[in-house]
**Q** 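Supplied in structure tokens, the structure appears directly below.
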Amino acid sequence: KAINISVNGIGVGATTICGAAVSLGATRDQVKKACGDPSIINKQNTESGIADKDIIVEYSYKSNPPATLVFTNGVLTGTK
């Protein structure tokens, strides 16, 4: 679930960065439902067998302005 949302460097409880509202506590599936499928998904390469590494996934949307949502271990943790 989302634990932090930052817009222009300021922490907020919700944003409409992709047109629909996304708020703290949102999962990747909830964000995809609200914002649609991202145009790009970047996944961090992790080494096999290392369980304590964070898995980072970025969803990039070709919105106006463009938006990138960052998930750490399946939880929305920020925007770029």
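Quantities reported herein were computed from a predicted structural model and do not represent experimental measurements.
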**Q** Show every salt bridge (Lys or Arg N to Asp or Glu O under 4.0 Å) that has at least one partner inside residues 68-79, sequence neighbours left out.
**A**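 For residues 68-79: none.
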
**Q** How many angstroms lie between OH in Tyr59 and CG in Leu69, if you round to the nearest 0.5 Å?
**A** 9.5 Å

**Q** Please name the pair of heavy atoms, one in Ala21 and one in Thr16, separated by the smallest distance, quoted to 0.1 Å.
**A** CA-CG2, 4.1 Å

**Q** Could you state the interatomic distance from CG (Asp37) to OH (Tyr61), rounded to the nearest 0.5 Å?
**A** 7.0 Å

**Q** For the residue pair Ala34 and Ala20, what are the closest heavy atoms and their distance?
**A** O-CB, 3.1 Å

**Q** With sequence neighbours left out, what residues match Ser39 under side-chain hydrogen bond (donor to acceptor under 3.5 Å, both in side chains)?
**A** none

**Q** Can you tell if the side chain of Val70 reaches within under 4.5 Å of the side chain of Thr79, non-hydrogen atoms only?
**A**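 With C-beta onward as the side chain, the pair stays apart.
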
**Q** Could I get the full list of side-chain hydrogen bond (donor to acceptor under 3.5 Å, both in side chains) partners for Ser60, not counting sequence neighbours?
**A** Thr68

**Q** Rounded to the nearest 0.5 Å, how far does CD of Glu58 lie from CD1 of Ile40?
**A**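 Between Ile40 CD1 and Glu58 CD, I get 10.0 Å after rounding to 0.5 Å.
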
**Q** Is the backbone of Asp54 close enough, under 3.5 Å, to the side chain of Asn73 for a donor and an acceptor to pair up by distance?
**A**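 Here the side-chain-to-backbone pair does not exist.
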
**Q** Walk me through whether Ile55 and Thr72 qualify under side chain to side chain contact (heavy atoms under 4.5 Å, CB included).
**A** CA-CA 6 Å; Ile55 297 173; Thr72 304; over 6 Å; no

